[in-house]
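This chain uses plain numbering: 1 for the first residue, then up along the sequence.
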Amino acid sequence: RPSHLKNLITALLLGLALSLSTTVVVERLDTMVRHPEDLERRGWTIIGSIPRIQPNTTLNPGEVAEEQFRILRTNLQFLAAEKKIQTMVVSSPSPSEGKSTIATNLALTLARSGKKVILLDCDLRKPVLHRIFNQRRKPGITDVVLLGVPLASALYRPGPDLPDILFAGTTPPSPVDFLTSAPFTSFLRDLNKTYEHIIIDTPPILVSTDTPAVASNSDGILLVSRMGYSDIRALHEAKNVLHGAQVRILGIVANGLKPRRHYGYYRYKYRYYHYRYAHSARPATSNE
């Protein structure tokens, strides 16, 4: 005689096994980065988590997102204790991930802490920094380096305790040739003598070869990944490109973070901040 209890248990176990296997398959096929934990599970180091903000906007002191940029600044200071970070490139694997917004507000946060900062728009193919500050793109970096325009007349200075900004300027025939030229490299060295931090906005890594060319002359690169948009495969490909150019990857900035509950991203960053602090303090303790 059929055993109804045995059949019911068998059906439940088969259903559970089917649902679990379906979940595993779906997760493996889904390559979109939805949460910072998706990156951590794949070995990426997250040094900043930025909530959703309007693209191409500047934050005022006291805003919720501005606090997250201060935490990002602190985490970069921990990294700088291991190796100097003066010239920093900000980029992303693909377009529309928020790299220019991150570069702008990071420069603002560093300048508000009393540092002497300059923000460079080296995205010569599709510059946006002049639009963020509602200014003209010329004269800019190419005009200073190639055409002899004085740096003082090309700089945009929005005010005290704010970064100096140098927009893209006239588009050269070959941006990558300009960014790898001796005059541009010499120009960056001269800026290192004047500014404590040089933040450089560059094109997406998988769009052109410009970014590896600039980043190879920097102290490291910040990769911006937009939650719910970025593809993990693009991140890995960008990582391979940067490693091929021997560029130091400082870490990932998780952009567009949506709180799972009220102030959810605060709790996440608070945990990570103390992880970084403990990790950085450990070598000093062992040396004692």
Side-chain angles (χ1 to χ4, degrees), residues 48 56-59 61 66 69-70 72-73 76-77 79-80 84-91 99-124 126-172 175 178-203 210-211 213-222 224 247-248 250 253:
N56 298 337
T57 57
T58 58
L59 299 172
E66 202 265 344
F69 278 98
R70 288 204 292 269
L72 171 59
R73 178 194 66 200
L76 288 171
Q77 289 173 345
L79 289 176
K84 180 188 75 168
I85 303 175
Q86 184 178 7
T87 303
M88 187 189 323
V89 170
V90 180
S91 189
K99 63 177 184 59
S100 299
T101 304
I102 298 298
T104 298
N105 287 286
L106 175 59
L108 289 170
T109 304
L110 288 169
R112 286 167 180 158
S113 68
K115 304 293 185 180
K116 189 170 179 58
V117 182
I118 185 169
L119 174 63
L120 304 180
D121 194 345
C122 287
D123 189 347
L124 304 179
K126 199 173 181 179
V128 298
L129 293 188
H130 63 286
R131 297 177 185 171
I132 294 177
F133 292 95
N134 196 26
Q135 300 292 318
R136 298 179 61 182
R137 62 178 288 182
K138 296 186 287 187
I141 188 168
T142 54
D143 305 288
V144 172
V145 175
L146 296 178
L147 304 180
V149 174
L151 177 61
S153 62
L155 281 176
Y156 171 62
R157 291 188 167 99
D161 296 326
L162 293 174
D164 292 344
I165 305 167
L166 190 58
F167 301 121
T170 306
T171 303
F178 168 77
L179 296 171
T180 56
S181 66
F184 176 74
T185 304
S186 176
F187 173 72
L188 284 182
R189 284 199 299 266
D190 291 340
L191 292 180
N192 275 310
K193 302 173 184 177
T194 305
Y195 294 94
E196 296 175 84
H197 292 287
I198 302 170
I199 310 298
I200 307 176
D201 183 26
T202 62
D210 298 4
T211 297
V214 179
S216 61
N217 290 317
S218 72
D219 298 314
I221 184 170
L222 274 180
V224 178
V247 175
R248 177 189 179 192
L250 302 174
V253 177

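- One finds the CZ atom of F133 at 10.5 Å from the CG atom of N56 (value rounded to the nearest 0.5 Å).
- For the atom pair CD of E196 and CD of Q86, the computed distance is 8.5 Å after rounding to the nearest 0.5 Å.
- Side chains of L166 and F187 form a contact here, defined as non-hydrogen atoms less than 4.5 Å apart.
- Looking at D121, its side chain never comes within 3.5 Å of a backbone N or O of P127 through a donor-acceptor pair.
- If you check the side chains of T171 and R137, you find a donor sitting under 3.5 Å from an acceptor.
- Nearest heavy-atom pair, V89 versus A215, reported as atom, atom and distance to 0.1 Å: CG2-CA, 3.8 Å.
- Minimum interatomic distance between T109 and E66 (heavy atoms only, all atoms of both residues): OG1-OE2, 4.3 Å.
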Item to check | Working for side-chain contact (heavy atoms from CB on, under 4.5 Å), residues L120 and V214 | outcome: CA-CA 11 Å; L120 304 180; V214 179; over 6 Å; no
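- By the side chain to side chain contact (heavy atoms under 4.5 Å, CB included) test, L162 is found to be paired with L108, R112, P158, residues two or more places apart in sequence or in another chain being considered.
- Using a distance-only test at 3.5 Å, with no hydrogens or angles considered, no donor-acceptor pair links the side chain of Q135 to the main chain of H130.
- Side-chain atoms of V253 and L106, non-hydrogen and from C-beta on, never get closer than 4.5 Å to each other.
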Item to check | Criterion side-chain contact (heavy atoms from CB on, under 4.5 Å) on L179 and N217, from CA distance to verdict | outcome: CA-CA 10 Å; L179 296 171; N217 290 317; over 6 Å; no
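- Around atom CZ of R70, more than 12 heavy atoms belonging to other residues, nucleotides or ligands sit under 6.0 Å away.
- Note: L119 CG to I198 CD1 = 11.0 Å, rounded to the nearest 0.5 Å.
- Using modelled atom types, no side-chain atom of T170 and backbone atom of D143 make a donor-acceptor pair closer than 3.5 Å.
- Minimum interatomic distance between L79 and R248 (heavy atoms only, all atoms of both residues): O-NH2, 3.7 Å.
- In this structure a side-chain-to-backbone donor-acceptor pair under 3.5 Å is present from T211 to P203.
- Judged by distance alone, with hydrogens and angles left aside, the side-chain atoms of S113 form a donor-acceptor pair with the main-chain N or O of L110 at under 3.5 Å.
- For N105 against T57, the heavy-atom pair with the smallest separation is ND2-O, 3.0 Å.
- Under the ring pair (Phe, Tyr, Trp, His ring centres under 6.0 Å) criterion, F178 pairs with F184, not counting sequence neighbours.
- Among all heavy-atom pairs drawn from I141 and C122, the shortest one is CD1-SG, 3.9 Å.
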Checklist entry - salt bridge (charged side-chain N to carboxylate O under 4.0 Å, His left out) between D201 and K99: does it pass, once the steps are laid out? => result CA-CA 7 Å; D201 183 26; K99 63 177 184 59; 3.0 Å; yes
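- Counting heavy atoms from C-beta on, the side chains of L151 and D190 never come closer than 4.5 Å.
- In terms of heavy-atom proximity, L72 sits nearest to G48 at CD1-CA, 4.1 Å.
- A distance of 9.5 Å separates OG of S91 from CG of D210, quoted to the nearest 0.5 Å.
- No donor-acceptor pair under 3.5 Å is formed between the side chain of T202 and the backbone N or O of D123.
- Under the 4.5 Å side-chain criterion, counting only non-hydrogen atoms from C-beta, T87 is in contact with N192.
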